[in-house]
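The block underneath contains the structure these notes are about, expressed in structure tokens.
Keep in mind that the numbers below use all heavy atoms, side chains included, and drop hydrogens, waters and symmetry copies.
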Amino acid sequence: MASSSLHFFFFFLTLLLPFTLTTATRDTCATAAPDGSHDLSIIPINAKCSPFAHTHVSASVIDTVLHMASSDSHRFTYLSSLVAGKSKPTSVPVASGNQLHIGNYVVRARLGTPPQLMFMVLDTSNDAVWLPCSGCSGCSNASTSFNTNSSSTYSTVSCSTTQCTQARGLTCPSSTPQPSICSFNQSYGGDSSFSANLVQDTLTLSPDVIPNFSFGCINSASGNSLPPQGLMGLGRGPMSLVSQTTSLYSGVFSYCLPSFRSFYFSGSLKLGLLGQPKSIRYTPLLRNPRRPSLYYVNLTGVSVGSVQVPVDPVYLTFDSNSGAGTIIDSGTVITRFAQPVYEAIRDEFRKQVNGSFSTLGAFDTCFSADNENVTPKITLHMTSLDLKLPMENTLIHSSAGTLTCLSMAGIRQNANAVLNVIANLQQQNLRILFDVPNSRIGIAPEPCN
């Protein structure tokens, strides 16, 4: 357990074995911080404390990662379409897009009066906050629905409000004698759609009570792609959690994700300036006016061991017109690069390992675990910050333990691959700090296990 001086909320992942409590006196699924800090409890979707755990069962770490990574292509297609300007849902209070197929981490929050415990996908690349509400037609039976009738502070938002006029997919009538409820129709994924009302209610995070918090309340859905958990967007758009709580948390948050290899571990999402690390290196956050919610960084190069691989700068340079560049994203599983960048990394990696290689799922550079002792470290070079990835963030092992794979991949050229994505597998056991007002992101090692 974490010490009382840290006051971390715990979150749990049962990727290998059923979870067993080691302390009988603590409620490991509790959501309140013991010291009144601004830490917010987050758990992986298949954790013991998640209501969706029974639907996400896996036999091994690599099988789980491969299963989650199989949906990365949907997310990349969606992100690429955004930065290419095909859609501009910057101010959409109810999100659409394939990125929600892969809810890897779930945040526990409470909405309404009295508070109702909700489980929502944590997503740094989205501005939306939405969830299925009671009476939703076509929503998944596994969803944790918000009961609007049970909350005394619940209210709908009128079509005449500024928040409503920011929305895409608006279905407000052009003229009506009475103020109408702000409502939306959205397509979702390849086969789904849903309608939602923009509503407000009290949001409770740790000791903080946030009145009149705006979110999308889904009332009908069709198709098979709609995820059951709802979404807590941490992007920079006006409807995100970060933007709506600026007066309270100053636009600052950080998280530490534990390793998939750990059996028993803890991690935390910290909101606000309090408790953030003092010793941390920063790199500037870049802003794309086409998609201002995405957290871009300036990736200047990649080294494999002591060799900085030759890469055409066109595949790394930030371009706000095309959306090219590199983002840090919590919802993608495996870090992926534009194909020429990945091939340069892969070829140098193979050269230094000097063995025979095979393919396993999304991984095309797998080799005998006996050669792991000669595996080079990979360093991501960013402005003012060199991130040397821990070996556990670079390699992943087969369930039998005889095969080791480079846990990165390329992006298919036909997927409009204009950006590189630093994903959650490569972020584990690191404190990632987002300082939005000062346009910077900090990274420091932190043992979350």
TODO: Indicate yes or no: at least one non-hydrogen side-chain atom of I334 is less than 4.5 angstrom from one of F363.
DONE: yes
- [ ] State whether a side-chain donor-acceptor pair under 3.5 Å links S254 with R431.
- [x] yes
Task: Sequence neighbours excluded, every pair satisfying disulfide (SG to SG under 2.5 Å) that has a member inside residues 292-323 - done: none
Open item on the list: Checking Q426 against T394: is there a side-chain donor and acceptor pair closer than 3.5 Å?
Closed with: no
Open item on the list: Once rounded to the nearest 0.5 Å, what's the spacing between atom CD of Q427 and atom CG of L389?
Closed with: 10.0 Å
Task: Close side-chain approach of V302 to V311, heavy-atom, < 4.5 Å - done: no
Task: Nearest-0.5 Å distance, CG of residue L203 to OG1 of residue T245 - done: 8.5 Å
Task: Closest heavy-atom pair and its distance - V353, T375 - done: CG2-CA, 4.4 Å
TODO: Could you tell me the separation between the CG atom of L419 and the CZ atom of R336, rounded to the nearest 0.5 Å?
DONE: 12.0 Å
TODO: Considering only NZ, NE, NH1 and NH2 on the basic side and carboxylate oxygens on the acidic side, decide whether R236 and D127 come within less than 4.0 Å.
DONE: no
Task: Listed partners of Y295 passing ring-ring contact (aromatic ring centres under 6.0 Å, His included), at least two apart - done: F434
TODO: Answer yes if the side chains of D208 and Y249 hold a donor-acceptor pair under 3.5 Å, and no otherwise.
DONE: yes
TODO: Please round to the nearest 0.5 Å and tell me the distance separating atom SG of C405 and atom CZ of F357.
DONE: 11.0 Å
TODO: Give the C-alpha distance, both sets of side-chain angles, the deciding distance and a yes or no for side-chain contact (heavy atoms from CB on, under 4.5 Å) between Q244 and F213.
DONE: CA-CA 7 Å; Q244 291 196 62; F213 185 82; 3.6 Å; yes
- [ ] Over all heavy atoms of both residues, which pair between S240 and S243 is shortest? Give the atoms and the distance, please.
- [x] OG-N, 3.1 Å
TODO: Identify, with sequence neighbours excluded, every residue that meets side chain to side chain contact (heavy atoms under 4.5 Å, CB included) alongside S303.
DONE: Q308, T379, H381
- [ ] Could you tell me the separation between the OG atom of S439 and the CG atom of L286, rounded to the nearest 0.5 Å?
- [x] 9.0 Å
Task: Contact check, side chains of T383 and L299, non-hydrogen atoms, under 4.5 Å - done: no
Open item on the list: Can you confirm whether E372 sits close enough to L395 that some side-chain heavy atom of one is under 4.5 Å from a side-chain heavy atom of the other?
Closed with: yes
- [ ] Determine whether the side chains of R350 and T365 contain a donor N or O and an acceptor N or O closer than 3.5 Å.
- [x] yes
TODO: Please check if any side-chain donor atom of T332 sits under 3.5 Å from a side-chain acceptor atom of D329, or the reverse.
DONE: yes
Open item on the list: For a quick check under 3.5 Å, do E446 and N429 share a side-chain donor-acceptor pair by atom type?
Closed with: no
Open item on the list: Would V421 and F337 count as a side-chain contact (heavy atoms from CB on, under 4.5 Å) here? Give the steps.
Closed with: CA-CA 7 Å; V421 180; F337 299 96; over 6 Å; no
- [ ] Start with the C-alpha distance between D364 and Y342, add both sets of side-chain angles, then the distance that settles side-chain hydrogen bond (donor to acceptor under 3.5 Å, both in side chains), and finish with yes or no.
- [x] CA-CA 11 Å; D364 67 359; Y342 172 69; 2.4 Å; yes
- [ ] Look up atom CG in L271 and atom OG in S250, then write down how far apart they are to the nearest 0.5 Å.
- [x] 11.0 Å
- [ ] Take N298 and T283 through the test side-chain contact (heavy atoms from CB on, under 4.5 Å) and record every step on the way to the result.
- [x] CA-CA 8 Å; N298 186 30; T283 188; 5.5 Å; no
Open item on the list: With heavy-atom distances below 4.5 Å as the criterion, would you say the side chains of I441 and I432 are in contact?
Closed with: yes
- [ ] Kindly indicate, with the supporting measurements, whether the criterion side-chain contact (heavy atoms from CB on, under 4.5 Å) is fulfilled by I422 and N420.
- [x] CA-CA 7 Å; I422 301 174; N420 311 297; over 6 Å; no
TODO: Please report the C-alpha distance between C136 and C133 in whole Å, then the side-chain angles of each, then the deciding distance to 0.1 Å, and finally whether the disulfide (SG to SG under 2.5 Å) criterion is met.
DONE: CA-CA 6 Å; C136 175; C133 290; over 6 Å; no
TODO: State, with a plain yes or no, whether a side-chain heavy atom of V199 is found less than 4.5 Å away from one of F146.
DONE: no
Open item on the list: Ignoring hydrogens and geometry beyond distance, is a side-chain donor-acceptor pair present between N288 and S320 at under 3.5 Å?
Closed with: no
TODO: Compare all side-chain heavy atoms of V129 with those of M239 and state whether any distance is below 4.5 angstrom.
DONE: no
TODO: State, with a plain yes or no, whether a side-chain heavy atom of H397 is found less than 4.5 Å away from one of L403.
DONE: no
